[in-house]
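Every chain is numbered from 1, with letters handed out A, B, ... down the list of sequences.
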Number of protein chains: 2
Amino acid sequence: MDHSKSTKKPMTSRELAALIGVSQSAVSRAFTPGSSIARDLRERILMQAREYGYQPNAIASMLTKRRTNIVGIVVSDMRNPFYPALIEKLTQALQRAGLQSLLFNVTPGAEIEKQLVAIHTYNVDAVVVIASTMLNSRMLTRITEGRKAVLLNRIGHEDIASVCCDNALGARLLVDHLYEAGHRRIGHVAGMTSSGIGMLRYSAFTSRLAELGMRLTRTVSHEAFSYEAGWDSALDLLADEPDAIFFTSDILALGGIDALRTDPRGAGVGVVGFDDIPMAAWPNYSLTTYRQPVSAIAETTTRLLTEDGPTTPKLYSLPGELVIRASSAPRITGAE
Amino acid sequence: MDHSKSTKKPMTSRELAALIGVSQSAVSRAFTPGSSIARDLRERILMQAREYGYQPNAIASMLTKRRTNIVGIVVSDMRNPFYPALIEKLTQALQRAGLQSLLFNVTPGAEIEKQLVAIHTYNVDAVVVIASTMLNSRMLTRITEGRKAVLLNRIGHEDIASVCCDNALGARLLVDHLYEAGHRRIGHVAGMTSSGIGMLRYSAFTSRLAELGMRLTRTVSHEAFSYEAGWDSALDLLADEPDAIFFTSDILALGGIDALRTDPRGAGVGVVGFDDIPMAAWPNYSLTTYRQPVSAIAETTTRLLTEDGPTTPKLYSLPGELVIRASSAPRITGAE
DNA sequence: TCTGATTCTGCATCCGGATGCACATTTCTG
DNA sequence: CAGAAATGTGCATCCGGATGCAGAATCAGA
């Protein structure tokens with residue numbers, strides 16, 4: 001009867017110390033960069049440690065150092081393909097910096113408050129909140145207070161740092177592009193009207209529209225950033241006979257493109273999105289969009305979280321890139 | 001000069017104990033279900049705790065209990081939309097069971113070994129490995145030994161529990177369906193040939209094909225589970241003039257559908273996928289597929305990880321559901 | 001009412017490392 | 001070469017809870 005599988009207890013610093021005849025403190029210092037220990041002693045200990053398979057217990061060290069090296073990532077909308085991509089890049093960047101990512105999936109149904117308690121009890125060093133219109137300002141304050149925090153794709157909080165692509169620039173570039181392609185009457189599809197980012201894009205969009213003397217036919221929203229919402233919104237807008245439609249996010253735009261294909265009036269209507277999710281590049285969609293600098297966002301976030309001192313609560317706005325594809329092809333001007 | 005933000009140290013059990021005049025042990029026991037403490041004392045302590053905002057420090061308790069309540073999720077392919085969906089459901093199910101998810105993103109480039117060390121140092125209670133052809137069998141053993149472990153969408157490891165949908169059943173049902181729709185000459189697109197799941201589906205597929213007297217024209221692989229690989233593979237297969245193509249995963253099938261549309265020979269070729277990712281339901285694709293029981297997979301995994309005792313290393317095969325859509329429409333039999 | 005069984009409670013100690021402090025060594029400096 | 005300064009090491013203690021053990025308190029039975 002051998003149940004060693006669960007019995008196999010890892011060695012402690014004291015055990016290793018005893019084995020190689022040094023003090024426990026020496027072992028601890030050997031593994032603590034910058035601590036006061038002779039170079040050769042450290043090397044000897046590290047070598048022996050490798051030999052015996054000793055690794056310091058991170059939990060114990062968290063307790064004394066008051067530092068977990070864990071970043072809580074709060075996310076609610078994994079449906080929008082942009083976010084998995086962002087999370088992937090982010091966790092990779094964090095891992096490179098020696099930080100692990102604890103994922104907090106905020107779901108609509110359950111008691112959100114309760115889910116967020118864990119963020120406190122797990123003592124995460126920092127919190128990254130991704131979009132999450134599900135969290136109100138008060139909850140946000142609760143989970144970010146007393147620790148480093150960065151908001152991604154969320155703005156309007158004076159006391160928390162926020163990293164975004166340059167939404168206003170993106171919106172303007174897209175409008176400029178539509179203008180050059182000959183589109184004049186533009187429809188707008190918002191995602192959720194409660195999204196600060198969405199509203200930011202919207203206001204940049206409309207003001208640029210005005211500057212160029214273009215016309216906003218109408219703005220509609222089905223209160224979701226989803227394919228279905230995009231579909232429904234596009235059909236709504238068709239009544240106005242727009243030249244083109246500005247979707248505030250790619251996932252909306254994809255639904256819109258497919259919807260437009262179901263209606264003869266949809267032919268020739270230009271479409272632009274925002275984000276540049278992988279599907280935007282699929283030939284079937286060929287969506288013109290503004291590419292979010294996902295890697296730069298991940299890097300910047302990581303930098304902010306690893307810097308010493310509290311995170312400066314400013315808005316870090318990173319330039320993206322206009323990606324022109326077929327969906328916004330120049331308008332064929334016939335009888336107007 | 002107030003820098004209280006970082007100074008605000010949470011209260012300890014001893015402090016609370018002193019405040020309300022009980023011993024530290026009492027406080028600890030009040031928060032430990034099933035420990036020996038009088039009902040009314042516990043309630044008094046819990047009430048005061050809420051009052052003073054005391055919460056036990058999870059790190060300290062991890063140290064003594066030798067239990068972190070953290071599950072490491074090892075994933076490498078976040079590109080395939082099926083996995084974000086699975087991860088979302090999984091983290092939610094785990095959260096409901098009081099477990100947090102530490103995400104380990106295994107990236108091709110970096111030294112994988114090094115990334116996996118963290119799994120050990122963080123003392124995660126359990127590991128869930130999702131697909132990850134990137135990890136070889138040896139690495140898998142390293143990270144799962146001594147702890148509970150479940151493989152998702154990965155098979156062929158005698159000593160680790162594995163949870164999957166019923167891949168063989170799914171493949172058979174899809175073949176049956178193609179048969180009924182009048183398709184006889186079937187092409188096959190594999191993802192990565194190193195994927196055990198892929199091969200399992202393949203063998204069930206071919207054997208059912210044989211049983212029904214249908215014909216496998218050819219099987220191709222571009223060694224990736226991606227839209228692009230599906231695209232290329234579909235075009236490869238067109239030379240054989242198949243009636244229909246079986247794609248071993250939806251994301252491949254989507255690429256395939258779009259590719260078939262670029263070639264006149266692609267017209268009328270039936271397509272089936274596997275997984276039922278959200279995009280499969282988009283009208284533009286309307287992909288017939290076998291839906292993986294994502295929730296059931298998440299629940300089963302959670303159950304296995306929360307059960308007492310070691311995880312039984314068997315294969316848990318859960319039934320999915322055939323989802324028939326337009327992509328596999330009955331073949332229009334013309335001049336053959 | 002007294003004894004034995006039960007249920008609680010607090011004390012002391014431990015979990016595995018980190019670290020201030022004092023002392024031992026080594027390295028300079030004059 | 002003495003004495004000061006710099007460097008390294010171990011001891012003891014702490015981080016914040018968990019838990020075995022012994023004694024206190026409550027309850028039951030006779």
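Nearest heavy-atom pair across B/V294 and B/A85 is CG1-O, 4.1 Å. Nearest heavy-atom pair, A/A126 versus A/L305, reported as atom, atom and distance to 0.1 Å: CB-CD2, 3.8 Å.
In the set C/dG17, D/dG20, D/dG10, the nucleotide with an atom closest to the side chain of B/R29 is D/dG20.
The distance between atom CG of A/N57 and atom C1' of C/dA18, rounded to the nearest whole Å, is 13 Å. Atom CE of A/M11 and atom C1' of C/dC15 are 17 Å apart (whole Å). Atoms CZ (B/R39) and C1' (C/dT9) sit 18 Å apart, rounded to a whole Å. Between A/I59 atom CD1 and D/dG17 atom C1' the separation is 14 Å, expressed in whole Å. In this structure, CD of B/Q24 is placed 12 Å from C1' of D/dC15, rounded to the nearest angstrom.
Within the structure, every side-chain polar atom (N or O) of B/S28 is placed at least 4.0 Å from both OP1 and OP2 of D/dG17.
Between B/S25 and B/A60, it is B/S25 whose nearest contact on DNA chain C lies nearer the 5' terminus. Projected onto DNA chain D by closest heavy-atom contact, A/R14 and A/S23 fall at different nucleotides, the more 5' of which corresponds to A/S23.
Backbone-only contact: A/T12 has heavy atoms under 4.0 Å from sugar-phosphate atoms and none from a base.
Remark: aromatic rings of A/Y54 and A/F31 are close, center separation under 6.0 Å.
Interface residues of residues 40-55 of chain A facing DNA chain D, ordered by number: A/L41; criterion, heavy-atom separation under 4.0 Å. Near DNA chain D, meaning a heavy atom under 4.0 Å away, the residues from residues 61-69 of chain B are B/S61, B/L63, B/T64, B/K65.
Rounding to the nearest 0.5 Å places CZ of B/F104 at 14.0 Å from OG of B/S76.
Each side chain to side chain donor-acceptor pair (under 3.5 Å) pair with one or both residues in residues 306-316 of chain B, not counting sequence neighbours, appears once here: B/R303-B/E307.
One N or O on the side chain of B/E15 and one on the backbone of B/T12 form a donor-acceptor pair closer than 3.5 Å.
No side-chain donor-acceptor contact under 3.5 Å links A/Y122 and B/N69. Side-chain atoms of A/D125 and A/T68 include a donor-acceptor pair closer than 3.5 Å.
No side-chain heavy atom of B/C164 sits under 4.5 Å from any side-chain heavy atom of B/Q292.
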